[in-house]
Amino acid sequence: MFPLFSLVAGIGTLLIWYYGGWSVLRDELSIGVLMAASVAAGDPERWWALAYRVELEFSSAYAAIGILPPTYEPRATASIGEMQSMIARLIERGHAYAAGDASGDVYFDTASWAGYGELTAQRREDMQDAADADPRGKRDPRDFALWKGRKAAEPATASWPSPWGDGRPGWHIECSAMARRYLGDAFDIHGGGLDLRFPHHENELAQSRAYGDAFASHWLHNGLVNVNGQKMSKSLGNSIFAHDVLAQARPVVVRYALAAAHYRSTIDLHDGSLVEAEAAVDRIEAFLLRSGRALTAGAPTVLPVPEAFGTAMDDDLGVPQALAVLHETIRSGNASLDAGDLAAVARARAEVRAMTAVLGLDLSADAAGRDGSAAHGALGALVGQLLERRAAARARKDFTTADEIRDALAAAGVLVEDGADGTHWSLG
RNA sequence: GGUGGGUUGGCCGAGAGGCGAGGCAACGGCCUGCAAAGCCGUGUACACCGGUUCGAAUCCGGUACUCACCUCCA
């Protein structure tokens, strides 16, 4: 759900283990089985079809707000063998055990791993098990499932044979096994939502390290997105939400709204935040439009981002401060425009374009006359005629007629602005 | 009970011992036939109580409120 990962992928050469929003795509097994089990008995949709439908919805929402596509999105169901061999080795090493009951479950033995709790700085002794937890075949309530024996109510298509009986992998092992398969036994960054730090990431770390992998060097945990003060649902609600938000504002505005707060803070998306983001984006676009008109003759200059922008981004992805640099550059560029200092305008414009490129803000108004469609051309011809008549009226100081034309255009959604370099119109 | 966050001006949202990030909104001015856009200006904000310091939104101690996670599921 966050531009965060595309930002990281966009500015560096870091190896990312896409997680967070992507988890739904990859954990099709667990989510599909769970959700299919909870829907009405008469629902004909299979768990894998359901999971895939959700995956498609997420993918299209991500693409819409300009999140770079992952290099690869492995599926849990394609790595069952890797998970089983990981589990087998954990048992060999004394870090896991098959449940004493007939469940077919296999658990990770948290007491056997001294580093348990290191990611979230918790001491194992202090951890309190949920009052309503079902101890099942665990030796200790803090142990977690690596393999889950099949239950009668679960679909046969979500069950695999294993040395410990038919069943399916536990949630955490899916990620550890896929990480080592596709990224190797050591990789740079593991990302994810703050809500997944414990137990999920803690458990992944424990089992992967116990297995012998170095695992992730860094962890990147992003804050969650609230909607009108409400915590977002982790299930299907998210995709509906994304759909709704994208219906309310342009994708670039949604991206701006999500990026405006630091990635680690909780972002509250309310109706007002979209309006504010729209205003900010409009301001950026207006500058690009204005400067583009002023500089038509000159070839676009390519400049690096301002140093302050780079410093902000380098400091734990300080996007809010980077945006401040962007707006400051625009303010100064606008002032240069008013002063007629075209060299400064060109510099500001090149810097703004460099910054918006880094931020992944796809601004369509980067050049005047962006829309080359036939409809736009026809509209332009008609508006042009009206503006000519208005110009004539203004020339003879017939402001009543001039204002009538402007009002009529405004009523049709065409904004007319008189600048020092002539009259411009835009759809707004 | 454990762990980790949060509380900043009308709103959003950075910052992290001295200089009021930035955006939105508002008000004044310049520009404009009038507008719009743009520019210039206007704000003594940091939950509360103590403490340290020449100086605290920032450090220390405490209090209040609040959010998240605590291996059932993902």
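Each chain gets a letter, A, B and so on, in the order its sequence line appears, and its residues count up from 1.
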I want to check one thing: is the phosphate of [N], taken as OP1 and OP2, less than 4.0 Å away from some side-chain N or O of [X]?
X	N	answer
T120(A)	rG2(B)	no
K148(A)	rC72(B)	no
R283(A)	rC39(B)	yes
N203(A)	rU71(B)	no
R293(A)	rG38(B)	no
R406(A)	rC34(B)	no

Taking a pair as Watson-Crick or G-U wobble with both distances under 3.5 Å, which nucleotide is matched to [N]?
N	result
rC46(B)	none
rA25(B)	none
rU53(B)	none
rA64(B)	rU7(B)
rA35(B)	none

What interatomic distance, in whole Å, is found between [atom1] of [M] and the corresponding atom of [N]?
N	M	atom1	answer
rG43(B)	rG50(B)	C1'	29 Å
rC19(B)	rU44(B)	P	15 Å
rG15(B)	rU7(B)	C1'	16 Å
rG5(B)	rG10(B)	C1'	26 Å
rG33(B)	rC27(B)	P	24 Å
rG17(B)	rA57(B)	P	13 Å
rA45(B)	rA16(B)	C1'	15 Å
rG61(B)	rU71(B)	C1'	35 Å

Base, sugar-phosphate, or nothing: which does [X] touch, judged by heavy atoms less than 4.0 Å apart?
X	answer
H424(A)	nothing
V325(A)	nothing
T110(A)	nothing

Atom-pair distance ([atom1] on [X]; [atom2] on [N]), nearest Å:
X	N	atom1	atom2	value
Q321(A)	rA14(B)	CD	C1'	6 Å
K397(A)	rA35(B)	NZ	C1'	16 Å
L274(A)	rA25(B)	CG	P	15 Å
D105(A)	rU71(B)	CG	C1'	14 Å
R394(A)	rU32(B)	CZ	P	11 Å
Q122(A)	rU3(B)	CD	P	8 Å
L323(A)	rG22(B)	CG	P	13 Å
L194(A)	rC67(B)	CG	C1'	11 Å

Taking only the side-chain heavy atoms of [X] (C-beta and beyond), determine which of [options] contains the nearest atom.
X	options	result
F198(A)	rC39(B), rC70(B), rC34(B)	rC70(B)
R142(A)	rG13(B), rU71(B), rG33(B)	rU71(B)
R390(A)	rG33(B), rC40(B), rA21(B)	rG33(B)
A279(A)	rC39(B), rC24(B), rG23(B)	rC24(B)
A261(A)	rC24(B), rG13(B), rU71(B)	rG13(B)
A324(A)	rC11(B), rA21(B), rC40(B)	rA21(B)
P199(A)	rA14(B), rC12(B), rU71(B)	rU71(B)
W171(A)	rA36(B), rG23(B), rA74(B)	rA74(B)

* To do: Determine whether more than 12 heavy atoms belonging to other residues, nucleotides or ligands lie under 6.0 Å from atom CZ of R89(A).
  => yes
* Asked: When the ring planes of W219(A) and F215(A) are compared, do they come out parallel, tilted or perpendicular, using 30° and 60° as the limits?
  -> tilted
Distance-only donor-acceptor test, [X] side-chain atoms vs [N] base atoms, 3.5 Å:
X	N	result
Y116(A)	rU71(B)	yes
R197(A)	rA68(B)	no
E328(A)	rG22(B)	no
D418(A)	rC34(B)	yes

Is there a donor-acceptor pair under 3.5 Å between the side chain of [X] and the backbone N or O of [Y]?
X	Y	answer
T329(A)	A348(A)	no
R255(A)	G360(A)	yes
W147(A)	G165(A)	yes
E202(A)	E118(A)	yes

* Find which nucleotide of RNA chain B each of T266(A) and D143(A) is nearest to by heavy atoms, and output the residue with the more 5' nucleotide. => T266(A)
* Structure fact -> Comparing S332(A) with V275(A), nearest RNA chain B nucleotide closer to 5' gives the residue V275(A)
* Identify the two heavy atoms, one from E82(A) and one from A177(A), that lie closest to each other, and give their separation to 0.1 Å. => C-CB, 4.1 Å
* To do: May I have the step-by-step check of side chain to side chain contact (heavy atoms under 4.5 Å, CB included) for M355(A) and I284(A), ending in yes or no?
  => CA-CA 11 Å; M355(A) 290 186 276; I284(A) 301 167; over 6 Å; no
* Partner of R390(A) by salt bridge (charged side-chain N to carboxylate O under 4.0 Å, His left out), out of D398(A), D403(A), D418(A), D407(A) -> D418(A)
